[in-house]
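First up is the structure itself, then whatever we jot down about it.
Both ligands and their constituent atoms are indexed starting at 1 by order of listing.
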Amino acid sequence: MSHNRFGHLFCVTTFGESHGPAIGCVVDGCPPGLEISAEEIRGDLERRATGKSRHTSQRREKDDVQILSGVFEGRTTGTPIALLIENTDARSRDYANIKRQFRPGHADYTYWKKYGLRDYRGGGRSSARETTMRVAAGVIAKKWLRAEFGTAIQGWLAQLGPHRVDGTMDWDEIENNPFFCPDPAMVPVLEAHMDALRKSGDSTGARVNVIARNVPAGLGAPVYGKLDADLASAMMSINAAKGVEIGAGFDSVAQLGTEHRDEITPDGFLSNHAGGILGGISSGQDIVVSTAFKPTSSLRLPCRGIDIDGNEVEVVTKGRHDPCVGIRATPIVEAMMAIVLMDHALRHRAQVGRFAE
Ligand code: EPS
């Protein structure tokens, strides 16, 4: 069984572990002729990287991506694009004391139950380090979507712990702070929250939203290829993701039909509770997805656990862990949105050919 591949016509296969020599991916199905460079890919990798502020993991990785194949004279050739990043700052000794233990709340336990062995160093394959390759592949998809349809994808932090970011929505502010927060007034609040949390040794969850504008109507397919189902699957495949909403999401439970339906006029829709998707197919409205990330489970605060022999142990995790993985998730949700949309655009072309006027 291989479950390291995502997508159908535009598909991404990732490989590698957090403390192995390298991580990488093969991006297959990208049409020929798209201009792409390692430099462009590095841009989004830098946005996701560790060690950029005191609020994230202090592991220092250069994330110096190499394009090994599929690009000739700066343009994609239509053949598999292989990307590789060497791991240069793994510190495996931090993990010595959890070699035989399971961190409560972590995939350690289920990996062991499933495979009967695990690479305990840095979480191995379950590490958030894997998301570098999603982001790298996402740069290719973002660029293709922009060139084809003018699609623009932007993510942002919508909530950190108890702090909702639902005031000012300044799109230019998102890249100006370490949180991808669109409200400048909230940045000091988030900083104070994270500073206190870091001192306490605890962690927190977060909500990250993403919007895709200028998406053509018609992406997605009934019944088992719904665009919203594939987006939910994509977001839920990100480490620490625990919930996904499309459009009004769980708020639709309390809405009336007269409130939820998005009325249509000759000039377009009057609202977007659907989040840009009706019947699993894009409507041409903005696609809006929200993802919940749980608090990091690797904590220096002791807790009760068991070892691989079932003995009770006290678990303490050392290392350079993110106190909130959601802080670095914005480029990752953008990448997953781009990969799904590009895959569906190619699938639509393969079956239907044209896009509706
Ligand atoms: C991670 C733990 C930390 C993070 C890592 C994800 O690694 P380590 O314990 O080896 O310092 O730094 O994230 C990255 C390296 C990255 O590039 O995102 C974990 O347990 O998931």
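Residue pairs meeting the ring-ring contact (aromatic ring centres under 6.0 Å, His included) criterion with at least one member in residues 64-89, sequence neighbours excluded, do not occur. Legend: ring-ring contact (aromatic ring centres under 6.0 Å, His included) pairs involving residues 303-344, not counting sequence neighbours, sorted by first then second residue: Tyr95-His321.
Figure legend: cation-pi geometry between Arg213 and Trp171, with NZ or CZ positioned under 6.0 Å from the six-membered ring centre and within 45° of its axis.
Put simply, the side chain of Thr76 gets close to the backbone of Leu34: a donor and an acceptor are under 3.5 Å apart.
Surrounding CD of Gln154 are more than 12 heavy atoms belonging to other residues, nucleotides or ligands, all under 6.0 Å away.
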Where does ligand 1 get N/O contacts under 3.5 Å from the protein, atom by atom?
from: ligand 1; atom 1: 9 (O); to: Tyr95; atom 2: OH; distance (Å): 2.2
from: ligand 1; atom 1: 10 (O); to: His19; atom 2: NE2; distance (Å): 2.6
from: ligand 1; atom 1: 10 (O); to: Arg59; atom 2: NH1; distance (Å): 2.8
from: ligand 1; atom 1: 11 (O); to: Arg320; atom 2: NE; distance (Å): 3.2
from: ligand 1; atom 1: 11 (O); to: Arg320; atom 2: NH2; distance (Å): 3.3
from: ligand 1; atom 1: 12 (O); to: Ser57; atom 2: OG; distance (Å): 2.6
from: ligand 1; atom 1: 13 (O); to: Arg328; atom 2: NH2; distance (Å): 3.4
from: ligand 1; atom 1: 17 (O); to: Arg48; atom 2: NH2; distance (Å): 2.7
from: ligand 1; atom 1: 17 (O); to: Arg129; atom 2: NH1; distance (Å): 2.7
from: ligand 1; atom 1: 18 (O); to: Arg48; atom 2: NH1; distance (Å): 2.8
from: ligand 1; atom 1: 18 (O); to: Arg48; atom 2: NH2; distance (Å): 3.2
from: ligand 1; atom 1: 18 (O); to: Arg328; atom 2: NH1; distance (Å): 3.0
from: ligand 1; atom 1: 18 (O); to: Arg328; atom 2: NH2; distance (Å): 3.0
from: ligand 1; atom 1: 21 (O); to: Ala128; atom 2: N; distance (Å): 3.0

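Applying the side-chain hydrogen bond (donor to acceptor under 3.5 Å, both in side chains) test to Ser37 and every residue at least two apart in sequence or in another chain returns Glu40.
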